Amino acid sequence: MEFLGTIINYILNLGAPVFVPFIMLIAGLMVRMKLRDGASAAITLGVAFVGMSMLIGFMVDAIGAAAQTMMERTGIELSIVDGGWTTMANVSWAWPYAFLMFPLQVGVNILMLVLKKTDTFNADLWNVWGKIFTAFIVVAVVTPILGSVIALILAFVVATLQIILELNSGDINQHRIEKLTGIPGVTCTHRMLFFSAIYYPFDLLLRKIPALNKPMDAATLRSKLGIFAENHVIGFLLGVTFGIIAGYDVAAILMLGIQAATALMLFPMISKLFMQALSPISEAISDYMNKRFAGRKLFVGLDWPFMGGASEIWFTVIVAIPCTLLWAVILPGNKLLPFAGIINIALVVPAYILTKGNTLRMVILAIIGVPFFLFVGTQFAPIITDLGLATKAIDIPTNQLISNSSIDAPVFTYASSFIWQCSQGYFVPLILAVYWCIGYVFYARELRKEYLQETNQ
């Protein structure tokens, strides 16, 4: 078992830019794709992942530093350090049972494909750490209540449920994602899309406001605002605004403006690489499935970056930063200082898909969504800190708490982990779980209805 765990960990530690293209190459060869074409597409996909990671890192360094300066100028001190998703991943992989999650995800996916309970092949295996994180938290919460054996069983039950829901989410969102990205046969199986269920009731209310229910994506804004809706101009204006708020001098303000303009201008260019890489692979898989399974399509589930070319996403991400800092200051009970997770993709991508790129509704939803992330990050801090100390996966100073202000699918992760505390009279997780389930069911129903209407089925 230890040998198997070592092999699996070695493969996954290669990182998404190596691991995901490798999986896609294997999938391409299995559906009779030429090695030359498959290798070219796989390498291009790796380049796209690296390019997107470089740009995000560039934005975090530039805008994250400005955000930190903003908080320092307020003089407010928040005690929980934001370690970002990488810290959570490191803690998760240090769990002794982590290596079992990889075969569990693959096995569940294959079983559901065979039973025709999903049409999604989840190639986003690198993000298996998200299931490990959920299971890890369940064990930590449940062990004092029900004992270690039952806690471990429940942890894998919840992780299995998350795997199933990721596949289901990939299925129901695929049609809308394909329309938004223009990439055929591809969907997103990242758990961050679970947050659409939290946004859904709010979005239903926003749609009733006529001004918010009109097309307001990047293309529409460009036709109305001209140059002021261009990516580089928006980025420059936002960067300059951030620099002014942070108290930078003129040179630093202008540099931040150019840096933000650079990022927003390059994101769509990197996104085209995803389309260039994924289109031939997804088409080969679709052709193969159509020949062997008449009338059935197979979708490829991936991490979110292939949608990263959407200007609406990055505009909302940047606008959400000062809102996140404001919420951190005024939200009762919050002790988490947003920093490493300040570029919160998990806050925005679900809103992008839900609103079909309506920028104004995306911004409003993001503002509404921030407290959920801060609340969950604060609640998880003692557990994550204890786990980090126990596994020695990260160095944590004495008496210091650590967490993450951008935990993916915060409500699902929190509710599924803490719901067991109902036996102790704590019902907040149960209430959130019921809210999430209702939102998910009705959102899925809307997506299904939309698909049937647009495909005339």
Side-chain angles (χ1 to χ4, degrees), residues 56 59-60 63-64 66-67 70 176 180 192-193 195-226 228-246 257 260-261 263-265 267-268 304 307-331 338 341-375 405-406 408 410-411 439 443:
I56 293 173
M59 282 192 67
V60 170
I63 297 178
M70 290 181 205
R176 186 173 289 184
L180 288 168
M192 68 170 64
L193 298 196
F195 204 63
S196 298
I198 300 299
Y199 281 148
Y200 185 67
F202 294 105
D203 193 55
L204 287 180
L205 294 176
L206 295 178
R207 293 178 200 176
K208 295 183 180 299
I209 302 174
L212 299 180
N213 203 24
K214 298 178 180 179
M216 207 172 295
D217 58 9
T220 303
L221 291 176
R222 287 192 194 100
S223 66
K224 294 181 178 180
L225 301 178
F228 291 101
E230 294 292 340
N231 286 10
H232 59 295
V233 176
I234 291 175
F236 179 78
L237 294 175
L238 289 173
V240 166
T241 303
F242 262 73
I244 293 172
I245 297 174
L264 263 67
M265 191 168 186
F267 275 122
W304 73 270
M307 294 183 280
S311 306
E312 300 88 349
I313 290 177
W314 299 108
F315 175 84
T316 308
V317 163
I318 296 176
V319 172
I321 291 174
C323 300
T324 300
L325 297 177
L326 179 61
W327 271 118
V329 172
I330 67 175
L331 185 66
I342 196 68
I343 305 294
N344 193 350
I345 304 298
L347 179 71
V348 177
V349 171
Y352 170 66
I353 298 173
L354 174 61
T355 65
K356 304 179 186 178
N358 185 302
T359 309
L360 188 53
R361 293 216 314 266
M362 286 174 64
V363 169
I364 296 172
L365 290 176
I367 295 171
I368 293 171
V370 168
F372 291 96
F373 285 85
L374 294 177
F375 170 76
S405 63
S406 58
D408 302 318
V411 173
Y443 177 53

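In this text, all values refer to a predicted model and were calculated from it rather than measured experimentally.
- At least one side-chain heavy atom of Ile345 sits under 4.5 Å from a side-chain heavy atom of Trp314.
- A distance-only check finds no donor-acceptor pair linking the side chain of Arg176 to the backbone of Lys356 [under 3.5 Å].
- Phe195 and Phe372 have perpendicular rings, their planes meeting at more than 60° on a 0 to 90° scale where under 30° would count as parallel.
- The side-chain contact (heavy atoms from CB on, under 4.5 Å) test with Val348 singles out one residue from Ile343, Leu365, Ile313, Ile318, and that residue is Ile313.
- Counting heavy atoms from C-beta outward, Asn344 and Thr324 have side chains that stay 4.5 Å or more apart.
- Once rounded to the nearest 0.5 Å, the distance linking CG of Leu331 with CZ of Phe373 reads 13.5 Å.
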Worked check of side chain to side chain contact (heavy atoms under 4.5 Å, CB included) between Val370 and Phe375: CA-CA 9 Å; Val370 168; Phe375 170 76; over 6 Å; no
Under the criterion side chain to side chain contact (heavy atoms under 4.5 Å, CB included), I'd like the reasoning laid out for Tyr199 against Leu347: C-alpha separation, chi angles, the key distance, then a yes or no. CA-CA 10 Å; Tyr199 281 148; Leu347 179 71; 3.3 Å; yes
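- Between the side chain of Trp304 and the backbone N or O of Ala346, no donor-acceptor pair lies under 3.5 Å.
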Apply side chain to side chain contact (heavy atoms under 4.5 Å, CB included) to Ile353 and Met307, showing your working. CA-CA 10 Å; Ile353 298 173; Met307 294 183 280; 4.0 Å; yes
Please walk me through it: do Ile364 and Leu212 pass side chain to side chain contact (heavy atoms under 4.5 Å, CB included)? CA-CA 10 Å; Ile364 296 172; Leu212 299 180; 3.9 Å; yes
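- Note that CZ of Arg361 is 4.0 Å distant from CG of Asp203, once rounded to the nearest 0.5 Å.
- Between the CG atom of Leu205 and the CD1 atom of Ile368 there is a distance of 8.5 Å, given to the nearest 0.5 Å.
- Considering only residues two or more places apart in sequence or on other chains, Val363 meets the side chain to side chain contact (heavy atoms under 4.5 Å, CB included) condition with Phe315, Thr316, Val319, Ile367.
- Rounding to the nearest 0.5 Å gives a distance of 12.5 Å between OG of Ser196 and OH of Tyr352.
- The CG atom of Asn358 sits 7.5 Å away from the CG atom of Asn213 when rounded to the nearest 0.5 Å.
- In this structure, the separation between CD1 on Ile330 and CG on Leu374 is 10.0 Å, given to the nearest 0.5 Å.
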